[in-house]
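This report refers to the structure that appears directly beneath it.
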There are 2 protein chains.
Amino acid sequence: MAKIKAFRNGTKKDAITQKAAGLFRRKGFASSSMRELADIIGVEASSLYNHIGSKSEILQTICFKVATEFNTHLQQVQGSGKDTLNKLENLIRFHIHMMLDSYDEVFVANHEWKQLPEPYLGNFLEQRKTYENSLIEIVSIGVKKEEIKNIHPYVAVLTILSAVRGLEFWHRQKKNLAVEALENDMVNHLLKGLTK
Amino acid sequence: MAKIKAFRNGTKKDAITQKAAGLFRRKGFASSSMRELADIIGVEASSLYNHIGSKSEILQTICFKVATEFNTHLQQVQGSGKDTLNKLENLIRFHIHMMLDSYDEVFVANHEWKQLPEPYLGNFLEQRKTYENSLIEIVSIGVKKEEIKNIHPYVAVLTILSAVRGLEFWHRQKKNLAVEALENDMVNHLLKGLTK
DNA sequence: GTACAAAACTAACGCTTATTAGTTTTTTTA
DNA sequence: TAAAAAAACTAATAAGCGTTAGTTTTGTAC
């Protein structure tokens, strides 16, 4: 009779969620079974239900935890009073760090949100839209204040978000490139494309 | 008793595959059932098996059709004798056109290749790797010939591929931006980042 | 040690899945 | 028009799914 090991400062539900994030990333949410997850943890599938409500609830937990982290950081940036380029650099670096530090969770939130049931799906998409619009607004203000060059804000935001998301393909590359070097290269490249 | 409608110059298998690509894009491969696909086509699920071998075979057809199109175009570019920037522009434009013209298929190949069974999975990944390495080689030669600035070829290729892939989020946007304008903006932006 | 709660277990449920077998209908060929 | 081939149908199969019920074991507190 194996036991679920909780982490330092974490509940057993947290441990299950973390293992699930890894499994969902590797195989996809719909192709991952509760029995498979239980195997990884070293327990029977039914035992998981002492700690979680449902398979879907695990996905919800992952997706909204990631969304909340991004939104919290965004609000912090919005209230910082820094100039546009500083705000964007802060946001880009946060995206990169999230991708590197919480790879599984960010990957799952990016790829598996479609599997959320309503009303969670609508809620999640609304948060994404709001986040995207906030970034567009930041770029727009920068253009108006002439802090950055006159580009279409939507294209700029699309480019930035696509670029940082591309890091998921880089991940696991041995060490041709140091993390800090890649981070600085990407920040410089993305910001340089915005300066006048 | 409904019938499967084949297209101009297409077999019924092609019609099934095309409808499947749309379904798989919207719901994901694992979450799409053969009954659902049959419903969309207007036929019983078992009738599909007169034309296809299995659900997995449909995914294989989609993924390798896309891979072959990209590889064929790449070989054409490699043998063109043009300079580095011309080659890269050609490749970037092809990626954009593929994303716009064969949205469902490209999306499915990008998102659902993990669900391929061996040996198809290994084959697919090998083709992707080879494709990526060929792009890196093109950039490397450009750097060596001093046709483009001295950047890390891997980072350049990662940036280009991430950017064009980001177009899948843009798709379905009403018409804030004309297709040609977006295409030219993206090409210019990506190539400008490479010039000395 | 005894009582209580937490968390594991076994066993099963009802449902959905991809797929097959066998049959009937439709279309093509001669 | 009759025979042959293509493609639809109905019905069923075995396997896997998430989840629940009921029971037993484990850990905690007096």
**Item:** C:dA7 OP1/OP2 closer than 4.0 Å to side-chain N/O of A:Lys12
**Value:** yes
**Prompt:** Counting only non-hydrogen atoms, which of residues 30-37 of chain A are less than 4.0 Å from DNA chain D?
**Reply:** A:Ser32, A:Ser33, A:Met34, A:Arg35
**Message:** Run the side-chain contact (heavy atoms from CB on, under 4.5 Å) test against A:Asp39 and tell me which residues pass, sequence neighbours left out.
**Reply:** none
**Request:** Please state how far atom CD1 in B:Ile52 lies from atom C1' in C:dT19, giving the value in whole angstrom units.
**Result:** 10 Å
**Message:** So, using salt bridge (charged side-chain N to carboxylate O under 4.0 Å, His left out) as the criterion, who are the partners of B:Lys55 when residues are at least two apart?
**Reply:** none
**Message:** Whole angstroms only, please: what is the NZ-C1' distance between A:Lys13 and C:dA7?
**Reply:** 16 Å
**Message:** Would A:Met99 and A:Val164 count as a side-chain contact (heavy atoms from CB on, under 4.5 Å) here? Give the steps.
**Reply:** CA-CA 8 Å; A:Met99 186 63 96; A:Val164 294; over 6 Å; no
**Request:** Just jot down the side-chain contact (heavy atoms from CB on, under 4.5 Å) partners of A:Arg128, sequence neighbours excluded, or say none.
**Result:** A:Asn110, A:Trp113, A:Phe124, A:Arg165
**Request:** Just grab all the side-chain hydrogen bond (donor to acceptor under 3.5 Å, both in side chains) pairs involving residues 133-143 of chain A, residues at least two apart or on different chains.
**Result:** none
**Request:** Let me know the distance between CD1 of A:Ile16 and C1' of C:dA8, rounded to the nearest Å.
**Result:** 12 Å
**Which nucleotide in D:dA8, D:dG18, C:dA8 has an atom nearest any side-chain atom of B:His51** = D:dA8
**Asked** In whole angstroms, how far is the P atom of D:dC17 from the NZ atom of A:Lys55?
**Response** 9 Å
**Request:** Among the candidates D:dA21, D:dC9, C:dT19, find the nucleotide nearest to the side-chain atoms of A:Ser46.
**Result:** D:dA21
**Request:** Carefully, step by step, assess B:Glu105 and B:Arg25 under the rule salt bridge (Lys or Arg N to Asp or Glu O under 4.0 Å).
**Result:** CA-CA 8 Å; B:Glu105 287 81 359; B:Arg25 174 188 62 78; over 6 Å; no
**Item:** Length of the line joining A:Leu23:CG and D:dG18:C1', which is rounded to integer Å
**Value:** 15 Å
**Request:** May I have the distance from A:Glu57 (atom CD) to D:dG18 (atom C1'), rounded to whole angstrom?
**Result:** 14 Å
**Item:** Closest to the B:Asn50 side chain, choosing from C:dC9, D:dA7, C:dT19
**Value:** D:dA7
**Asked** Taking only residues two or more places apart in sequence or in another chain, which ones pass side-chain contact (heavy atoms from CB on, under 4.5 Å) with B:Lys144?
**Response** none
**Item:** Atom-pair distance (OH on B:Tyr49; C1' on C:dT23), nearest Å
**Value:** 19 Å
**Complete:** Rounded to whole Å, CD of A:Gln60 lies from C1' of D:dG18 at a distance of 15 Å
**Fill in**
Among D:dA8, C:dT19, C:dC9, the one nearest any side-chain atom of A:Glu44 is C:dC9
